[in-house]
Amino acid sequence: MTFRIKPAMLKMAAAAWLLGATSAMADTTLEFTQWWEPEVPAGSLRKIMDEFEAANPGIKVTLVSGPYAATRDQISVGAATGTLSDVVGLDGAWVNNLNAQNALADMNPMMDASKFDKAQVADIIQVDGKAVMFPVASFVYPVFVNLDLAAQAGVTKLPSTRAEFLEAAKKMTHADKNQYGWVLPLSLQSPSGVQNDMMSWVWASGQSMMADGKPALEGKPVVDMLTFVKSLNDAGTISPGIATKTEQEKVEEFVNDRVGMMIDSLAHVNLIRKRNPKLNFDLIPVPVVENYNGKRGLPYASWGIGISAGSKHQEEAWKLVQYLMSEKVNAKLVSLANAFPGNVNAKPDFVTSDKAFGKAFEIFKTGYLANEFTGLPVAEDLMSQFDVEAQKMLAGEQSPEQAAANAQKGWTAKF
Amino acid sequence: MTRQKRSRHRLKRTVAPYLYLSPSLVIIGLLMLLPMVTVISYSFQNSAVLRRDPSFAGLKHYQAIFADPVFWASLWHTLYFTCMSVVFHMTIGMIFALMLNSDRINPTLRNILRVLYILPWLFTAVIIAVIWRLLLEPNGVVNSILMQLGLIGSKIEWFSSPETALHAVTFANIWAGYPLFMVSLLAGLQGIPKDFYEAADIDGAKGYQKLTFITIPQLMPIIISISLLDFIWTMQVFPLIWITTGGGPIYSTEVLSTYTYKLAFSSYNLSQASASAVVILLISLGLTLFYIRYQKAR
């Protein structure tokens with residue numbers, strides 16, 4: 001059998017090639033590096049990108065996804081070598097370093113040019129006057145209380161002040177039964193316990209660990225917090241193994257009825273339910289100092305977003321950022337992640353369908369997002385230094401004042 | 001054959017071996033020499049990797065790490081961890097190898113023991129770390145057994161107490177690493193001629209005399225080789241320590257590998273991390289040269 005190429009076929013092929021080539025030339029492809037895709041249901045982030053592409057003809061988005069740690073390393077290297085993706089998923093702890101490398105674009109001019117309503121976003125992370133990150137989704141850290149353990153211990157009113165928390169923790173502690181009031185993970189492998197489980201006490205009472213952009217660890221708020229944590233430890237209410245305990249172990253102990261209270265990410269609600277469907281728990285805001293009636297700072301971790309300073313497609317990248325921060329899309333994205341929205345008008349669907357999330361959303365709405373590590377230089381290193389001083393204090397090697405003073409000395413050097 | 005042809009033939013003969021070696025040389029160059037040279041160059045730069053135009057720093061980063069007390073603590077912990085591990089790997093490996101080589105043990109039992117003793121070798125460092133974290137946690141099995149036996153009065157925080165953490169992590173590493181010695185020594189034991197022992201029996205030698213005058217001298221080349229290799233490898237252990245203690249509590253289990261890792265990925269001080277890595281490289285290099293000289297001497 002012979003096969004003859006007809007002129008009509010050749011013309012069709014040439015037309016198809018031309019069409020493909022021109023559309024490829026016309027399209028701008030944005031690269032979007034993040035760790036979010038593996039953390040939401042399969043295909044759901046891609047679907048949002050497809051919707052963005054449909055709404056913005058001529059812009060294509062390539063998702064570069066990986067686990068959190070791998071993404072962090074990739075972004076660090078990308079910033080150093082000038083190969084950072086156009087749009088990048090960010091953790092607040094990274095932005096100072098990335099900004100020092102001039103790797104992140106200032107989004108202020110983009111906001112002004114597009115008349116972006118700044119009031120609609122929960123927060124804009126600024127470093128050196130540059131708007132470098134928006135929190136797209138926030139994972140707040142309330143206190144989880146095991147209601148059965150509380151009832152058995154005679155804790156009828158859930159604690160709202162530090163003194164009440166200490167009392168409740170003492171009542172819930174029965175060391176002979178391996179049951180403790182509170183759990184504090186201070187493993188140096190991941191020192192985020194300093195941020196989530198220690199400094200959260202400071203922020204909850206509207207206080208700060210900083211003063212004029214500099215560390216103020218020797219101030220009353222931090223020293224009081226350390227004294228409070230020490231009092232919990234001295235009373236034997238903290239589950240043993242503090243110095244090497246990780247966040248996962250903290251959750252496991254709570255799931256297995258071994259601790260009465262823990263400060264943890266709201267993102268773990270479904271995990272806790274899955275691991276122990278019978279666990280009867282409630283969420284409360286982090287207790288505050290006596291007589292404090294102001295707004296409560298809510299510790300949080302976030303999925304942030306920023307634009308590469310070296311991107312050749314900053315205009316298109318800004319369109320994607322705007323799209324993800326818009327009310328409807330943001331609500332959709334945070335619903336997938338069980339997080340709270342970066343757009344203050346967005347309302348994720350789980351807050352109406354789930355009682356626990358609904359209550360957490362009320363806590364979220366009445367407080368404000370607080371995480372002073374966001375934007376600090378070498379945030380993880382600062383946490384690590386504070387962690388070591390806190391460990392020394394809990395081991396009885398130094399007082400809360402000495403721990404604060406030593407941490408202050410270390411932090412000041414980093415600033 | 002003309003002179004020209006002869007010289008071409010000689011050239012071919014000289015070049016040929018290098019051509020055969022070239023794939024390996026290229027791989028070694030790309031995967032070993034290049035990263036090594038890069039890390040060494042980073043240790044002499046300011047803001048290495050993080051800046052596109054890093055400036056020359058001289059020995060600044062070396063001075064900084066040598067002035068850091070945590071570095072010296074890490075060095076001491078590394079030496080303790082390594083020396084204890086190697087000594088116990090060798091001792092336990094020798095005992096188990098002698099047991100498995102003994103005719104006095106029932107062959108079935110010996111086969112069961114052979115499988116049991118080799119087990120730690122089958123686990124990855126991460127699994128070993130998780131196993132020992134579970135066993136040694138304050139509410140774990142070890143504390144429970146020790147309390148039931150009345151050996152301890154209260155729960156010991158093995159990994160979380162500065163007094164016990166380094167010993168605990170060393171113990172976990174000893175458990176993980178003895179099979180290498182055991183297998184190597186067992187092979188060595190099976191290669192010792194039986195005539196030696198028969199002659200010793202005729203001379204009326206006792207068990208411990210046979211061990212000290214025949215077995216150990218015969219195994220000495222293996223003991224020295226494996227000890228040196230084990231020393232080099234153990235010095236660089238990272239995942240076991242990182243997962244069990246993260247270098248804590250306080251700095252009680254900080255070793256050179258965790259110290260370097262924290263400098264690089266927690267402080268983002270890649271220049272100082274490179275300087276620390278070069279120190280590890282130099283120590284390892286010294287041991288490697290010693291190993292090579294020993295192998296040549298044999």
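Proteins get letters first, then strands, A, B, ... in listed order; numbering begins at 1 in each. Keep in mind that what you see is a predicted model, and the values were worked out from it rather than measured.
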Engineer: Could you check whether atom OH of B:Tyr62 has more than 12 heavy atoms from other residues, nucleotides or ligands sitting under 6.0 Å from it?
Structural biologist: yes
Engineer: If we only count heavy atoms from C-beta on, is the B:Ile250 to A:Glu397 side-chain gap below 4.5 Å?
Structural biologist: yes
Engineer: Partners of B:Tyr251 by ring-ring contact (aromatic ring centres under 6.0 Å, His included), sequence neighbours excluded?
Structural biologist: none
Engineer: Taking side chain as everything from C-beta outward and backbone as N, CA, C, O, which of these in B:Thr244 sits under 4.5 Å from a heavy atom of chain A? Side chain, backbone, both or neither.
Structural biologist: backbone
Engineer: Tell me, yes or no, whether the heavy-atom count around A:Lys130 atom NZ, taken from other residues, nucleotides or ligands under 6.0 Å, exceeds 12.
Structural biologist: yes
Engineer: Table please: side-chain donor-acceptor pairs of residues 149-157 of chain B below 3.5 Å, with sequence neighbours left out.
Structural biologist:
unit_1, atom_1, unit_2, atom_2, d
B:Lys155, NZ, A:Asn178, OD1, 2.3
B:Lys155, NZ, B:Asn139, OD1, 2.8
B:Glu157, OE1, A:Gly241, N, 3.2

Engineer: If I measure from the heavy atoms of chain B, does A:Ala175 come under 4.5 Å with its side chain, its backbone, both, or neither?
Structural biologist: backbone
Engineer: Highest number of heavy-atom pairs under 4.5 Å with chain B: which of A:Met383, A:Glu249, A:Lys414, A:Lys245?
Structural biologist: A:Glu249
Engineer: Determine the minimum heavy-atom distance between A:Thr244 and B:Ser160, stating which atoms define it.
Structural biologist: OG1-OG, 2.6 Å
Engineer: Which residues, numbered in order, of residues 77-92 of chain B come under 4.5 angstrom of chain A by heavy-atom distance?
Structural biologist: none
Engineer: Heavy-atom count around B:Trp121 CH2 within 6.0 Å, excluding the residue itself: above 12?
Structural biologist: yes
Engineer: Under the side chain to side chain contact (heavy atoms under 4.5 Å, CB included) rule, what do A:Thr246 and B:Arg133 come out as? Steps first, then yes or no, please.
Structural biologist: CA-CA 11 Å; A:Thr246 59; B:Arg133 275 202 73 136; 4.3 Å; yes
Engineer: Could you check whether A:Arg258 pairs with B:Glu137 (Lys NZ or Arg NE/NH1/NH2 to Asp/Glu carboxylate O, under 4.0 Å)?
Structural biologist: yes
Engineer: Heavy-atom cut-off 4.5 Å, strictly under: side chain, backbone, both or neither for A:Glu389 against chain B?
Structural biologist: neither
Engineer: Measure the spacing between OG of A:Ser190 and CH2 of B:Trp242 and express it to the nearest 0.5 Å.
Structural biologist: 8.5 Å
Engineer: For chain A, which residues from residues 260-274 of chain B lie under 4.5 Å away (heavy-atom distances)?
Structural biologist: B:Tyr261, B:Lys262, B:Phe265, B:Ser266, B:Ser267, B:Tyr268
